[in-house]
Amino acid sequence: MRRLKALLIKEFLQMRRDRLTLIMMLGLPVIQLVLFGFAINTDVKHLPTIVFDQSLQQDSRDLLSSLEASGYFDVKYLAASYQEVNSAVDAGKVKVGIVIPPDFSENLKHGRQAAVQVLVDATDSMAASSAISAAQLIGQLKSQDILLQQIRGFSGHPTEKPYDIRIRPWYNPDFVSAFYMVPGIMGVMLTMTMVMITSMAIVRERERGTLEQLIVTPMKNWELMLGKIIPYSLVGYVQVTVALLAGVLIFDLPIRGSLALLYALTALFILASLALGLLISTVTKNQMQAMQLSFFVFLPSVLLSGFMFPREAMPIAFNLLGNLLPLTFYLQILRGIILKGVGLSVLWPQIVALVIFIIITLTISIRKFQKKVA
Amino acid sequence: MIKLEHVSKNYGRVLGVNDISLEINQGEIFGLVGPDGAGKTTLIRMIAGILSPTMGAMRVLGAANPEIIKQYLGYVPQKFSLYGELTVQENIFLLGSLYGQDKEEIEERANQILDFTKLLPFKERLADHLSGGMKQKLALAAGLMHRPKLFLLDEPTTGVDPVSRREFWQMLYRLNKEGTTIIVSTPYMDEAELCSRVAFMHNGKVVDCNSPEGLRQSYPYRVLELNAKEPSIKRYLAIPSVMECNKFGDKYHVIVKDGAALAEVKLTLEAAGLISEALKEIPPTLEDVFVALASEVF
């Protein structure tokens with residue numbers, strides 16, 4: 001115990017004297033939250049739009065104002081020719097071009113199909129899909145109104161819509177991106193600090209020879225490892241707390257589930273990440289290698305864990321690959337507790353997965369660590 | 001105290017230490033001397049329990065398992081291995097605690113040891129801000145916190161100024177007087193002279209092991225010291241009775257087989273018009289011995 005205490009004191013003294021790393025560890029959560037929380041918005045609105053209205057009747061104006069009212073399309077230019085629409089999209093001045101043919105009103109009046117062309121610049125797939133779905137939805141609503149009017153005209157009494165599908169977006173009804181992003185960023189940030197800083201801290205001891213001085217003392221291996229795990233776990237908890245506070249204060253993040261459960265399960269993720277960092281430190285020779293290998297873990301964690309892209313959309317192989325990353329499960333835990341307010345009865349599979357990961361990784365790294373020492 | 005029997009250590013295919021058998025007794029200052037890459041560090045690390053031998057048997061302080069004797073062992077690695085961002089005192093306290101000492105014990109011993117190493121005025125200084133010599137003293141102090149019975153030092157004075165080197169060795173002598181057995185590796189011959197026994201290592205083997213005096217006595221040749229400014233002296237001495245001619249500072253050591261060769265060298269020099277008064281026989285230095293041992297190995 002005395003030895004462990006001495007190691008902990010040493011570790012905290014080192015942290016305190018390495019100001020830059022300390023500031024990075026504690027400031028990173030806030031900076032990343034603000035950056036990602038404000039900048040990333042998957043619901044793309046206000047797309048610059050050019051309109052080529054050849055009909056210029058009440059009906060076409062009506063359609064255009066509906067499109068504008070949706071908030072997705074900002075009509076920036078009015079074109080006088082089809083060519084003008086093309087070149088505006090080509091030049092990137094607009095993302096959407098709407099072309100209304102001259103016979104638009106005529107067709108509507110005679111109950112024929114009235115075509116409208118919507119050109120979308122799909123180089124940015126996220127913006128394109130927003131535009132496409134908004135345009136389609138408005139088209140359908142407009143058609144529905146006209147159909148209902150026609151039916152009423154025939155039968156002479158009011159008619160109800162045959163289908164009434166009501167959508168209720170649960171957990172995040174206003175589609176606030178920050179609600180989805182904040183828990184994700186917490187997980188990503190923890191991965192980065194825990195895996196990278198831990199592996200580098202251990203490799204630095206080996207690189208500078210201080211590990212050799214520690215090995216000749218009667219200290220046990222487990223004391224050496226706990227001496228690293230405890231301080232960095234504390235750093236992880238400080239980061240989580242800072243991130244949660246920032247999330248609540250800046251983005252009004254609701255925390256619907258049990259905060260105690262969140263903190264308890266965070267321990268599992270921190271341990272899993274530290275075990276990974278330990279493993280990296282046993283296979284690398286210097287801090288540079290440790291950093292590169294950490295990035296090798298970090299990038300798939302960002303891409304495959306469901307932090308940015310929905311895992312449901314991934315090919316099966318990549319979906320399975322994501323199951324090897326602790327962040328995948330931690331994100332489900334975080335979003336589950338923070339946004340949905342669920343508890344252990346729902347989250348147990350994730351817990352089991354993390355525990356399995358910890359056991360396997362820790363066993364391998366302890367084995368390898370001892371070999372390196374001997 | 002330490003017994004090595006046919007100990008070898010290889011790193012993959014590279015042989016670090018090759019079939020060494022040695023016995024080191026209590027109370028010795030045992031020197032490991034040899035060129036870089038001779039296997040000195042590997043041998044010390046094995047005795048310290050950091051590396052385990054690939055082959056052979058080892059007993060240190062009577063134990064075959066290095067774990068159980070760590071308490072009695074002090075080790076100063078070749079490279080400064082304490083924490084640069086910690087102060088002198090913090091480093092010393094850390095090492096004391098790692099050896100399981102309690103607070104009073106540490107404070108008492110720290111004062112004593114800092115006084116002994118003359119580091120007391122610098123105890124609040126960060127280790128990174130110490131000079132090379134002071135860093136080595138700190139490493140020595142840290143290694144002595146737990147009063148080891150066996151103290152291992154791997155080239156502790158490499159890159160240290162001559163005054164600090166002398167101070168350092170005075171400290172080692174005092175420790176040794178207090179009963180600490182010391183094993184020290186060094187590339188310096190003048191330091192080898194200060195050991196009670198010296199093992200000369202070359203290519204992973206111990207070529208010879210004896211007291212400095214014993215090593216000198218077993219030297220089979222005679223050494224002539226030549227005080228000459230002539231730069232091409234070696235050319236004149238290319239005669240069969242001269243085995244070798246090595247430059248030592250501004251002097252030359254001419255190695256000959258026997259007394260008869262002495263006269264021959266004298267004649268040769270006089271014939272070349274050089275003053276022969278500058279020539280005299282001297283007892284062999286350890287350096288002469290090691291040069292001879294090294295060339296025999298080749």
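Atom set for the values below is all heavy atoms of this structure, side chains included, hydrogens, waters and symmetry mates excluded. Below, read A as the first sequence line, B as the second, and so on, with proteins coming before strands; counting in each chain starts at 1.
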Over 12 foreign heavy atoms within 6.0 Å of CG, Asp36(B): no
Exceeds 12 heavy-atom contacts within 6.0 angstrom, atom OH of Tyr173(B): yes
Min side-chain heavy-atom separation Glu212(A)-Ile50(B) under 4.5 Å: yes
Greater than 12 external heavy atoms within 6.0 Å of Gln26(B)'s CD: no
Heavy-atom pairs under 4.5 Å with chain B, option from Glu223(A), Lys5(A), Arg2(A), Arg3(A) with the top count: Arg2(A)
Partner residues of Thr193(A) under the side-chain contact (heavy atoms from CB on, under 4.5 Å) criterion, sequence neighbours left out: Met25(A), Ile197(A), Gln239(A)
Crowding at CD, Glu108(B) (>12 non-hydrogen neighbours, <6.0 Å): no
Distance-minimising heavy-atom pair for Tyr83(B) and Gln14(A): CD2-NE2, 3.2 Å
More than 12 heavy atoms of other groups within 6.0 Å of Tyr72(B) OH: no
By side-chain contact (heavy atoms from CB on, under 4.5 Å) - contacts of Met55(B) (at least two apart): Ser8(B)
Contact class of Glu205(A) relative to chain B, heavy atoms under 4.5 angstrom: side chain
Top contributor to chain B interface from Lys220(A), Met219(A), Arg208(A), Arg16(A) [non-hydrogen pairs under 4.5 Å]: Arg208(A)
Contact leader toward chain A among Ala142(B), Pro77(B), Gly143(B), where contacts are heavy-atom pairs under 4.5 Å: Pro77(B)
Most contacts with chain A, counted as non-hydrogen pairs under 4.5 angstrom, among Arg45(B), His146(B), Gln71(B): Arg45(B)
Gap separating the OG1 atom of Thr217(A) from the OH atom of Tyr75(B), nearest 0.5 angstrom: 13.0 Å
Partners passing ring-ring contact (aromatic ring centres under 6.0 Å, His included) against Tyr188(B) (at least two apart in sequence or in another chain): none
Where Arg17(A) and Leu126(B) come nearest, the two heavy atoms and their spacing: NH1-CD2, 3.8 Å
Chi angles and distances behind the side chain to side chain contact (heavy atoms under 4.5 Å, CB included) call for Val76(B), Gln213(A): CA-CA 8 Å; Val76(B) 177; Gln213(A) 190 78 63; 6.0 Å; no
Residue-level contacts of residues 86-105 of chain B with chain A, using a heavy-atom cutoff under 4.5 Å: Leu86(B), Thr87(B), Glu90(B), Leu94(B), Leu95(B), Ser97(B), Leu98(B), Tyr99(B), Gly100(B), Gln101(B), Asp102(B)
